[in-house]
Each structure stands twice: as structure tokens, then as C-alpha cells.
2 protein chains.
Amino acid sequence: MTDATTPGVPLSAPLYKEIKRELMAALTAGEWKPGEAIPAERRLSERYGISIGTVRKAIDELVAENILIRQQGRGTFVASHTRDRLLFYFFHIVPQAGDKSYPDVEFVRFVRGKADREMAKHFGIAVGEPVFRARNRLRLAGVPVMIDDITVPAVRFPGLSLAQFRDRPSTIYNLYQEAFGISVVSTSERLRAALADAEFATLLSITPGAPLLQIRRLARTYNDVTVEYRVSQVNTQHHEYWAEIGSNA
Amino acid sequence: MTDATTPGVPLSAPLYKEIKRELMAALTAGEWKPGEAIPAERRLSERYGISIGTVRKAIDELVAENILIRQQGRGTFVASHTRDRLLFYFFHIVPQAGDKSYPDVEFVRFVRGKADREMAKHFGIAVGEPVFRARNRLRLAGVPVMIDDITVPAVRFPGLSLAQFRDRPSTIYNLYQEAFGISVVSTSERLRAALADAEFATLLSITPGAPLLQIRRLARTYNDVTVEYRVSQVNTQHHEYWAEIGSNA
DNA sequence: CAGTGGTCTAGACCACATT
DNA sequence: ATGTGGTCTAGACCACTGT
């Protein structure tokens, strides 16, 4: 009656935070899958025996974190990593002139490897534990613009194969979600300018020594768990990296 | 009784959006200044004759847009462009190793000029209208890392002088706010990799042809009005641009 | 039409900060 | 002690979506 989870009097954490955690737990347990609707707010308020306003506040936060999506009149859905959403949220390369468009992804290679010190630290695994490494080349309007080098810990993607990676029906993050139940919800990126070496110059059809934008991305799922490390090399001759800060969009 | 602003039955826009607009109007009219507290939520609910929950929802959005800041037990304050806030929100250059720190700003020049086609479009003014242009050099840990070329429309910064710009007591955005009542609340940045020309190489103590990260920033105040255009050249030898996407932070 | 999320009310009480 | 924002309730009604 007086412990921290008693709904009557919130002693430590607010009730809506508890509910948020409950929803997250149900989500990670697979009770509702990406693309599906979660129960209506009224039903959730009955299920947890709380007011509807409190349910809404919990959902509000999950919506703000891109985990749920509200649609008036239809319901509240588990965010699905469709092409459109990913393009909007996680793909930040835009033409210097013209509209944002989908990249054409070209498979280059897929290999097994071992985690070095840095990877181990990011993924929370031991040095030497298995990882998968893949390389893609991305084209925009037919022109090669970007090389992606992706590293993921094998422990979170058991049995990921070259064929599975190369022949996936949709985006990479959609594969993570559909095949491994991992939803990428946030990323952290660090950018610097570099010069193209012979290898990247060839892949991007530019001259060695040309300037390249280098992006190092950590992708995280729920609870800030890092699930992917990605280094991108971008030819910014005709494209740019786009960042919006503090906008309500 | 049936027009759009009748509080009884919201016909067009939600009531809290109306209240938000009212608060914004009071803010731009200078009723409450940066750093000051706005009236308590209970008082605002009386003032507008609405429920406290509706006031809270209006304030919620202004807080999300960095226009107001809530502090439990103390009040709700108009966001002030202090050093700390600016460093956190709008300065994205961090060392590759070590903690984020304040840049030392070194004044280089300040001149009057005329708006070209691009500036005119961004600022919503006519080609040839007066603008101010300024250049700063920023040092981190004593080392020159970044050159900022700033352009602002004279019409929004009447009488801005070299001395005022150079000898400002705090940050540039703080000057905009204190001297001209302009609060920068959002920015849009486009990044590309380039090669240092002779001029930038000298200013940054690097060799011509070294890679530079070029950032073009549009800074906006309330209602998406663009008030500053800034081009930065960053030596990313030991520093990086940092971007966080979809994080709840 | 029934069901969903979105808005709004009128209050109670809690947690925190200042006097 | 007083005043502030933060949480929570129980319900009414609106706007939108699908059948």
C-alpha cells in the first residue's frame, strides 16, 4: 500500500512514467508489432485502472520519441520503419538544388569480423566478440554519392547472413525490425571533412584528394542501447548534409 | 457567439492554439522580457477565462520550442540567451576527444553591404537593401578552429555598429536579443566538405588544400522569420560537428 | 453509425522554491 | 506559510475514420 508502485499515491516516479515503462515492456515483448495498433486509450485506462489523461501523457512521450504514432480517428500505432519514415528521420543527405529523394542502395560486401576496442565499448560487448560488417554504395539520381560502412554486433543479430542483408525487401532498419525485433529510435552523428583516398575515389567516381564529408553514426534502440555503428563517406559536390535544430517540425 | 474566437465552442482552431498565439503576441510586444517570469498558470487561466489545463497545453508547446522555460516551484520564464543555453543548443562543434567547451571569439571585421539575390530571398527583403556582414575567428583551447561569416539584414538590426558588435558583453545571439529584441529559436544548417583556400588556410593556420567542413546556417526567430545567415569554415582535424536525432534529450 | 484520438473543464493534491 | 509548476482524476464533447 505504500510501496513505490502503488497507484494511489505516487511516492517516487510519476504514474504516467510507470505506465510508459509498462507500454515499453509490452512493446519489447512483442505484444503489439510494428504497424499494428495498440489498444485504445479508453481500454488502456481500464486495463491499468487509471485516468485516461494519464494514459495520454504516457503515450505523448512515446510519440515524441518516435516509438508510437497517433492518427486521429484511427488509433495509435507502433512506429514501423517504412521507407518514408526512414527517409524523413534518419537520411540527411539532400541535393544542393532540388527535392529530397530516395537513394538507390547497391550492395558491395558483407563479412564477419571481431569487435575492436571502440566497437566493444559502444556495443557493450567484449573485445573480439563477433560482429558483422557490410558496405553499401548509395546513388542519388543515378550518381554514386555515398559509401556506407556498417558494423553490428552479432549477438543482437543472430544468424544475419549475406543473402539476408543483400536481398532484404526494404530498408536496412526495416530488416533490423522485422527479422530481429530491433527498432532504431535515435541516432548520434559526428561529422568531419576528409580527403578521398584511392579506394573511395574509385567507388564514388571522383579524383583522389577530393573533399569528402565523413559521418560516424551510432544508432540506438529503446533505452539507449547502441545497435549499429556506421561510417559514411559523402561526396558533397552536389549534395549536402541537412540538420534542423529547435524547430517544431 | 459563433465566431472563431468564441471560447465556448472552438469552431476552427483549438483554444490552446489561440492562447499560444496570445502569449506569443504578448512576448513579441515585450510584455515580459527575456529572463523574466510570465504570470502563473492560475493567473493566466483567470486572465483568459479558461481552464488551467488549456493554459498548460499552450505553454507546453512554447516550452518545446525553446521560447519559454519551466522551473518547478519558481515559475515559467522567457528563454534568455545565456552563454550556457547557446552553447548547448546552437554550438555543435566538439573536440574529438574531451569535453565540449566555450569558444573564444576573436573579432576580424564588420562591414556594410547590399543584399544579393540569395540573401534577399532568405530575409524577405529586396535585392540591394542594406545588410551587415561580420567575420569572427573562434578558438577552442587556444587553437583557431572556425571562421564565422555572418550576414544580417540592416532593417532588423537598425544602427548596428562595429563597436556594438565587437564589444558586446556576451554572445552574438544575446546581443540580438538584448539590443534588438530578436530571439533566435531555431536554425537550419547545411554541411559540406570543401578545401581550404589561401585566405582560410592562413586564418586557421593550416595548409591550403586541407579539408574544411563548411556549414551554412539560417537562424530564425518566432514564426520562422529568418534573421541571420552564417557560413562557418571548420577545421575538423581535432574537432567534429555533432548532431543528435530523435533523442529525448 | 460506432470507435478512435483531440480538446477542454474544474477541481484535488503533490513536489519544490522562496520568504 | 505561500506560491509555483507537476500530476492525476472523471467526465463531457468535438473531429475524424471506417463500416
Side-chain angles (χ1 to χ4, degrees), chain A residues 1-23 32 35-79 248, chain B residues 1-23 32 35-79 248:
Chain A
M1 201 159 167
T2 51
D3 69 315
T5 55
T6 303
V9 183
L11 286 183
S12 49
L15 221 197
Y16 77 91
K17 291 277 187 189
E18 297 285 346
I19 300 303
K20 183 183 168 189
R21 227 180 302 162
E22 296 263 10
L23 293 173
W32 315 300
E36 289 178 9
I38 69 170
E41 294 172 355
R42 283 169 182 79
R43 293 189 63 80
L44 287 172
S45 74
E46 292 161 14
R47 166 164 166 177
Y48 296 115
I50 59 174
S51 170
I52 202 173
T54 305
V55 171
R56 280 188 66 79
K57 191 149 188 182
I59 293 177
D60 279 345
E61 294 209 349
L62 292 170
V63 168
E65 291 169 34
N66 303 321
I67 293 170
L68 296 179
I69 298 175
R70 282 215 182 87
Q71 287 184 247
Q72 178 170 147
R74 303 220 311 131
T76 301
F77 300 82
V78 183
N248 36 335
Chain B
M1 200 157 164
T2 51
D3 69 316
T5 55
T6 302
V9 182
L11 286 184
S12 49
L15 222 196
Y16 77 90
K17 290 277 188 189
E18 298 284 346
I19 301 303
K20 183 183 168 190
R21 226 180 305 164
E22 296 263 9
L23 292 174
W32 314 300
E36 290 179 9
I38 68 171
E41 294 172 355
R42 283 169 181 78
R43 294 188 61 79
L44 287 172
S45 74
E46 292 161 13
R47 166 163 166 178
Y48 296 114
I50 60 174
S51 171
I52 202 172
T54 305
V55 171
R56 279 188 66 79
K57 191 147 188 184
I59 293 177
D60 279 345
E61 294 210 350
L62 293 170
V63 168
E65 291 169 33
N66 302 320
I67 293 170
L68 296 178
I69 297 174
R70 282 215 181 87
Q71 285 185 250
Q72 179 170 148
R74 304 219 313 130
T76 301
F77 300 82
V78 183
N248 36 335

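Computed from a prediction, not measured in an experiment: that's the story for all the values here.
- Across residues 53-63 of chain A, Arg56(A) each have a non-hydrogen atom less than 4.0 Å from an atom of DNA chain C (numbered order).
- Distance Arg70(A) CZ to dT4(C) P: 14 Å, rounded to the nearest Å.
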* To do: For the pair Glu65(B) and Lys20(B), evaluate salt bridge (Lys or Arg N to Asp or Glu O under 4.0 Å) and give the outcome as yes or no after the intermediate values.
  => CA-CA 12 Å; Glu65(B) 291 169 33; Lys20(B) 183 183 168 190; 2.8 Å; yes
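- Separation of atoms CD1 (Ile59(B)) and CD (Glu61(B)) is listed at 11.5 Å; rounding is to 0.5 Å.
- Whole-Å rounding puts the Tyr48(B) OH to dT9(C) P distance at 14 Å.
- Between the C1' atom of dG5(D) and the CZ atom of Phe77(B) lies a distance of 10 Å, rounded to the nearest Å.
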Could you go over nucleotides 16-19 of chain C and give all protein N or O partners under 3.5 Å, atom names and distances?
residue	atom	partner	partner atom	Å
dC16(C)	O4'	Gln72(B)	OE1	3.1
dT18(C)	OP1	Arg74(B)	NH1	3.4

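- At a threshold of 4.5 Å between non-hydrogen side-chain atoms, the residues Leu23(B) and Leu44(B) count as touching.
- At dT4(D), none of the side-chain N or O atoms of Arg42(B) fall inside 4.0 Å of OP1 or OP2 (strictly under the cut-off).
- Residues Ala79(B) and Asn66(B) share a closest heavy-atom pair of CB-O, 3.3 Å.
- In this structure Arg70(A) satisfies the salt bridge (charged side-chain N to carboxylate O under 4.0 Å, His left out) test together with Glu41(A), Asp60(A), sequence neighbours excluded.
- The distance from atom CD1 of Ile52(B) to atom C1' of dT7(D) is 12 Å, rounded to the nearest whole Å.
- The heavy-atom pair separating Leu68(A) from Ile38(A) by the smallest distance is CD1-CD1, 4.0 Å.
- For the pair Thr76(B) and dG5(D), the criterion of a side-chain N or O lying under 4.0 Å from OP1 or OP2 is met.
- To the nearest angstrom, C1' of dT4(D) lies 12 Å from CD1 of Ile38(B).
- Closest approach of Ala37(B) to Trp32(B), counting heavy atoms only: O-CD1, 4.4 Å.
- A salt bridge is absent between Glu46(A) and Arg43(A): the closest approach of a Lys/Arg side-chain nitrogen to an acidic carboxylate oxygen does not fall below 4.0 angstrom.
- How far CD of Glu22(B) is from CG of Leu15(B): 10.0 Å, rounded to the nearest 0.5 Å.
- As a whole-Å value, the separation of Leu15(A) CG from dC13(C) C1' is 14 Å.
- Nucleotides of DNA chain D nearest to Ala40(B) and Ser51(A) differ in position, and the one nearer the 5' end is that of Ala40(B).
- Computed from coordinates, the Leu68(A) CG to dT4(C) P distance equals 16 Å when rounded to whole Å.
- Atom OH of Tyr16(A) and atom C1' of dG6(D) are 8 Å apart (whole Å).
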